[in-house]
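Excluded from the calculations below are hydrogen atoms, water molecules and symmetry mates; all remaining heavy atoms, backbone and side chain alike, are included. In what follows, chains are A, B, ... by sequence order, proteins preceding strands, each numbered from 1.
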Amino acid sequence: MGPMFISGEWLPVSFISSRVSQTRVALVDCNNFYVSCERVFDPSLAHRPVVVLSNNDGCIIARSEEAKQLGICMGTPFFECRAHIRQHGVQVFSSNYALYGDMSARVMEILQQFSSRMEVYSIDEAFLDCARGSRENHEVWAAQMRARVLRCTGIPVSIGIASTKTLAKIAARIAKKRPERGGVCILDSCEDCELLLGAIAVEDIWGIGRRYAAMLRRSGIATALKLKHADDGWVRRRLTIQGLRTVMELRGIDCIGLQDMPAPARGIRSSRSFGTPVEDLAHLREALVEYISIAAAKLRSKGLSASAMQVFITTGRHGAGPQYNNAATLTLPTPGDYTPDLIRHGLNVLNRLYRPGYRYRKIGVLFTGLQTACERQLDLFEDSPAADERKKCFMGAVDAINARWGRGTVSFAVPVGAGRGWRMRRRFMSGRYTTCWSELPMVKAC
DNA sequence: TCTGGGGTCCTAGGACCC
DNA sequence: TCTGGGGTCCTAGGACCC
């Protein structure tokens with residue numbers, strides 16, 4: 001069956017098929033994931049307020065329930081709430097992605113045992129296709145899943161089940177907010193659904209962010225229930241086709257579908273804010289080389305070559321002083337994944353971009369026009385096959401060493417004098433307990 | 001005095017997500 | 001003093017083509 005034409009737009013096939021088949025999708029969401037990871041390896045953190053900071057110890061990005069109750073908000077700059085945090089004895093961690101990434105992989109491996117189709121949506125969430133069955137069957141299935149994830153990894157999860165992904169997200173939210181439901185919420189009957197949607201604020205809907213929520217509220221739409229019954233044409237004009245899909249999904253019509261085959265990446269980026277502002281070109285070059293190396297390793301790990309690269313530098317949006325944000329894109333002579341070539345091009349772009357006299361806060365690189373080896377257009381004048389093979393062997397060796405001994409064990413140098421003050425701050429790091437031999441947790445015998 | 005129409009491709013910017 | 005990083009999709013507008 002082909003796609004269906006509705007309200008001036010094509011919607012996917014699933015628009016029709018779902019009405020007939022009444023599929024069910026589950027969203028499994030790890031509770032306060034980063035905090036939960038830290039707690040697994042330090043049980044003394046249980047029942048205590050804990051927060052995890054973003055890179056560079058900038059903002060609050062994860063909070064335990066106790067920290068939420070202290071009024072600590074998501075995204076708050078750390079320096080603004082430091083006094084509050086100290087006063088209440090909140091435990092603070094820098095983000096430890098080596099640990100969270102590995103814990104995530106363990107959770108996903110277990111979830112996979114519960115469904116033939118699964119979409120890993122983010123580091124702490126997955127959508128699963130529910131087998132056909134009664135509500136009772138789904139309740140048992142979800143309860144088993146929660147118990148097994150908790151037993152095998154120590155991570156608590158909430159599960160929402162509904163006919164569309166958008167409704168499943170809402171169900172999981174309800175499951176998390178109302179502990180009496182045992183961590184599982186199934187949205188199915190119409191009356192039940194309408195009642196619950198009336199209590200969901202419009203900004204808490206998946207796909208409705210701050211801007212859209214403000215606009216909707218100004219137009220008298222404050223709840224998920226109101227949005228569900230909004231006029232299609234109006235939604236289409238004000239929220240684009242994406243917004244119309246969200247509304248359809250609230251009505252129980254599947255417009256997004258489960259993506260169990262991950263789509264190929266469209267862009268690969270690496271960037272960081274500096275620990276302290278940087279003014280001179282030499283330090284910018286040093287930082288850029290590092291980020292190009294990271295992004296290029298990611299390209300190779302996915303078997304991709306980039307056909308264009310964008311370099312961007314910024315003085316940041318906050319703070320006093322003159323501001324300068326700029327980016328420049330370069331189409332590469334031939335698509336590639338070879339770090340030294342990419343560094344050479346990147347440094348040339350940076351030379352064009354750099355203006356002296358600014359305090360830079362961030363630099364980064366974005367690779368686009370990604371293609372797989374078999375898609376790659378060959379260049380009549382490019383390296384000989386032997387030279388190409390040498391490059392491949394060389395990068396393969398570098399990647400293998402860095403995979404075994406840690407990122408940056410072997411790196412590309414640029415001439416630079418001073419220290420590395422630009423490196424990001426990570427003052428509250430826990431150990432890489434699961435991915436680094438020297439940082440395994442120790443148990444003391446009494 | 002009078003100067004087309006329809007299409008594709010690319011990019012920048014804005015919205016969203018975790 | 002101190003405000004993350006890495007993604008996605010959609011739209012509008014410009015360049016270009018016949």
Side-chain angles (χ1 to χ4, degrees), chain A residues 9-10 12 27 29-30 32-34 51-62 73-83 85 92 94-97 100-101 104 119-127 165-166 169 172-173 202-216 236-246 255-256 259 262-277 291 294-295 298 302 307-308 310 312 314-321 325-329 331 359 361-370 421 424-428:
Chain A
E9 296 293 339
W10 292 97
L27 174 69
D29 192 349
C30 300
N32 316 328
F33 182 56
Y34 298 167
V51 298
V52 177
L53 304 178
S54 64
N55 273 336
N56 223 20
D57 294 343
C59 303
I60 309 280
I61 54 165
C73 297
M74 191 73 169
T76 309
F78 178 47
F79 73 89
E80 277 180 12
C81 55
R82 186 177 290 154
I85 277 176
V92 178
S94 301
S95 34
N96 181 347
Y97 288 105
Y100 311 150
S104 171
E119 173 189 347
V120 176
Y121 176 67
S122 73
I123 195 165
D124 68 338
E125 285 168 85
F127 289 103
K165 285 169 134 183
T166 304
K169 289 280 276 188
R173 190 186 169 81
V202 79
E203 47 274 321
D204 294 335
I205 302 168
W206 189 43
I208 305 296
R210 244 200 2 249
R211 302 272 171 138
Y212 283 167
M215 187 276 289
L216 288 168
R236 173 69 184 83
R237 280 195 309 278
R238 305 298 295 270
L239 305 182
T240 82
I241 185 69
Q242 299 260 66
L244 185 57
R245 290 199 184 107
T246 298
C255 292
I256 301 176
Q259 260 101 59
R266 303 178 60 87
I268 288 177
R269 180 192 314 245
S270 177
S271 68
R272 302 282 186 281
S273 295
F274 300 130
T276 51
Y291 303 146
I294 291 171
K298 203 161 172 188
K302 292 171 182 274
S307 53
Q310 182 184 71
F312 48 92
T314 170
T315 52
R317 293 158 299 168
H318 311 281
N325 305 307
N326 208 352
T329 305
T331 302
R359 287 161 62 81
R361 297 222 59 95
K362 184 175 180 176
I363 191 167
V365 63
L366 168 67
F367 290 123
T368 54
L370 306 184
M424 64 176 168
R425 278 191 297 269
R426 295 200 288 195
R427 286 164 294 185
F428 315 101

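Tested against A/Asp57 for a salt bridge (charged side-chain N to carboxylate O under 4.0 Å, His left out), the candidates A/Arg425, A/Arg427, A/Arg426, A/Arg82 yield a single pass: A/Arg427.
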5' to 3', nucleotides 2-8 of chain C under a 4.0 Å protein heavy-atom cut-off (B base, S sugar-phosphate only, - none) gives BBBSSSS

Can you check each nucleotide of nucleotides 11-18 of chain B against protein heavy atoms at under 4.0 Å and return B for base, S for sugar-phosphate only, - for none, in 5' to 3' order?
----SSSS

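Distance alone, capped at 3.5 Å, is enough to place a donor-acceptor pair between the A/Ser54 side chain and the A/Cys59 backbone. Between the A/Thr240 side chain and the A/Gln242 main chain, a donor and an acceptor come within less than 3.5 Å of each other. Remark: the backbone N or O of A/Thr246 is not paired with any side-chain donor or acceptor of A/Thr166 at under 3.5 angstrom. With hydrogens and angles disregarded, no donor-acceptor distance shorter than 3.5 Å links the side chain of A/Ser270 to the backbone of A/Ala295.
When the C1' atom is used for both B/dG4 and C/dC17, the distance is 14 Å, rounded to whole Å.
You'll find the side chain of A/Asn55 reaches within 4.5 Å of the side chain of A/Arg272, heavy atoms only. A/Leu239 places none of its side-chain heavy atoms less than 4.5 Å from the side chain of A/Leu244.
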Is there a side chain to side chain contact (heavy atoms under 4.5 Å, CB included) between A/Phe274 and A/Ile363 once you walk through the steps?
CA-CA 8 Å; A/Phe274 300 130; A/Ile363 191 167; 3.6 Å; yes

Carefully, step by step, assess A/Glu125 and A/Leu27 under the rule side chain to side chain contact (heavy atoms under 4.5 Å, CB included).
CA-CA 7 Å; A/Glu125 285 168 85; A/Leu27 174 69; 3.8 Å; yes

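Using the six-membered ring where Trp is involved, A/Tyr100 and A/Tyr34 have ring planes that are parallel, under 30° apart on the 30 and 60° scheme.
With the 3.5 Å cutoff on both pairing distances, Watson-Crick and G-U pairs in DNA chain C assemble into runs of at least 3 at B:5-18 with C:5-18.
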